[in-house]
Engineer: 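My questions all concern the structure below.
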Amino acid sequence: MSPTPPSTSWPIPKLTYRIAEGDTEHPGVEIFLNAIKPEEALLKAVVANFEALYTREMLPNHIEEITLVLESIPGVAYLGDVMPSSSKQQIHYSLQYVQQTADRAADEIIGVLVFEIFHVYNRITNTTCPSGFIDGLADYVRLKAGYAPPHWDKQPRDDWEAGNESTAYFLDWIEKRPNGTGTIHKLYEYALQLNDQEFNENIFEMLTGETVDMLWEQYCDSVNGTDNTTTLGDLSQWPIPKFNLRIEDLDHEGADIFLGAVKPKEALREAVMASFNHLYTLQTVPRNVKTITLVLRSMGGVAHTTGGMSHKEIHYSLEYVKVKADVAREEIMGVLVHEVVHCYQHTAHGTCPGGLIEGIADYVRLRDGRAPAHWRQSSNGCWDAGYDTTGYFLDWIESNHESATISKLNALMKSCKYNEEILFKEVTWKSVNDLWSQYGDFLKAKEQKAEPMSVGQ
Ligand SMILES: [Zn+2]
């Protein structure tokens, strides 16, 4: 499959490769070329960096050409000896290393290239910026794009700026917090625009409302299991269904884009785990779903879920995949998380209002750090308008009440008919109308506070 540029408006440089003189017979060459086309690996790595670190307005266009040189050298990879300011950059990749990692060649190649390309583009020159933070950002991109190598250690090291995967997992956790989407974009933007000012850790507080030390402490707790709302423990105990994939039109451009952006099995698994994580415990997780079939086909709309108790089908529009090509991976994952919620959620025997059903699905998408850029918090209209309106409202309820409030709300709808008064009072001691008006006050106060704190543009 040829690489599909995510968007023609993105400043993708010219991507080429060559094999170093005298190395054409090296066994690493064959392993590399069998695993992935070099241009495709480079493209994926460039796109991963663009998606993870830059807003549309900030996309860098100072690089015109990136050449990958496959070469017999020690180590893993390094940036070639061209001037750092040059618009043409070279990445030298060790053929020995290709051989050593042959069992997972494509993933490791893309993962390493993501890291190198971070450094190709990186223009943080301020020396007060902690080096562990910069290293951590590079590994964060790798993690976010789904190329974390199996040997990475999730255990947090000394402090937030310890670097590499330790900092990467921390940054990823920040991004996935409620309302956290876009935080790393802004953090990176801040670092880029420092010029001769000193790096100030207060930026974390400005962006998240909490100091970096508080965040680090919460993060360490969540990893070490003291905060059981964000960790699933032993994954093998969860009832992961069998996944099927059906593509009804392989000629459709959307099919290429889809398969270029995600690995279907891993994407579905991630989406299922998001549902389990935010709505269920091992005791409450529904065990009736045996298979989930993802159907990619030409149709109107975005996606929907059908099926009976044990076999679910998620139909996903190939036209929509194409429309969202510039944010393919993020949008696909977000939509899959939403649809998978429908595969499992309780609907009070069909009496739950549609707006709450959709709101819970988008609440999980939001909590999982997958809110799309256009979503807005709003307290206009009804609380059960659905989608992002209700999703953000539920998110606020969750943040301001006992943990797992929304998961309890969902659980209550397993066996009873829907009764708005009883339902919300049962889990929050307040009526939904009182909650909605409190939420309105909260948004107003937040708006007033936000003005002088804005960062970047
Ligand atoms: Zn839905």
Side-chain angles (χ1 to χ4, degrees), residues 178 181 241 243 246 254 258 262 264 267-280 285-286 288-289 291-309 311-321 323-324 327-378 381-395 397-398 406-407 409-414 418 420 423 432:
T181 307
F243 298 122
R246 197 162 82 226
F258 190 97
V262 298
L268 283 163
R269 191 183 156 88
E270 244 182 83
V272 166
M273 293 319 282
S275 260
F276 290 175
N277 191 16
H278 297 289
L279 293 179
Y280 305 99
V285 67
N288 52 293
V289 179
T291 63
I292 296 180
T293 301
L294 175 61
V295 182
L296 303 177
R297 65 180 177 91
S298 173
M299 64 180 211
V302 178
H304 62 258
T305 295
T306 64
M309 285 292 284
H311 302 286
K312 304 284 185 186
E313 282 194 2
I314 296 172
H315 290 239
Y316 200 128
S317 159
L318 286 171
E319 281 80 4
Y320 185 72
V321 171
V323 167
K324 291 288 180 180
V327 284
R329 183 181 156 79
E330 281 159 11
E331 187 62 19
I332 289 167
M333 285 310 305
V335 171
L336 286 181
V337 166
H338 176 110
E339 294 304 324
V340 166
V341 171
H342 291 327
C343 294
Y344 290 92
Q345 84 188 114
H346 303 301
T347 60
H349 301 300
T351 60
C352 176
L356 181 55
I357 294 178
E358 296 307 334
I360 290 177
D362 276 347
Y363 158 80
V364 175
R365 179 171 177 176
L366 177 63
R367 281 260 150 179
D368 207 50
R370 303 183 191 281
H374 63 83
W375 276 13
R376 294 285 171 267
Q377 290 176 306
S378 162
C382 307
W383 72 268
D384 63 353
Y387 302 104
D388 50 339
T389 300
T390 307
Y392 275 114
F393 175 50
L394 297 174
D395 180 57
I397 293 178
E398 178 75 18
I406 303 306
S407 133
L409 192 76
N410 176 53
L412 283 174
M413 290 194 285
K414 185 179 177 188
Y418 184 77
E420 195 170 283
L423 197 59
V432 71

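Index from 1, following the sequence. All ligand and atom numbering here is 1-based and tracks the order in the structure.
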Engineer: Quick check: does any side chain N or O of D384 sit under 3.5 Å from a backbone N or O of L356, one acting as donor and the other as acceptor?
Structural biologist: no
Engineer: Keeping waters out of it, list the protein N, O or S atoms under 2.8 Å from the Zn ion (ligand 1).
Structural biologist: H338 NE2, H342 NE2, E358 OE1
Engineer: Under 4.0 Å between a Lys/Arg side-chain N and an Asp/Glu carboxylate O for R246 and E313?
Structural biologist: yes
Engineer: For a side chain to side chain contact (heavy atoms under 4.5 Å, CB included) with D362, tell me which candidate from R367, R370, H338 qualifies.
Structural biologist: H338
Engineer: Any heavy-atom pair between the side chains of E330 and P372 that's under 4.5 Å?
Structural biologist: no
Engineer: Please confirm whether R365 makes a cation-pi placement over W375, using NZ or CZ under 6.0 Å from the six-membered ring centre and within 45° of the ring normal.
Structural biologist: yes
Engineer: Does the S317 side chain pair with the main chain of M299, one donor and one acceptor, at a distance under 3.5 Å?
Structural biologist: yes
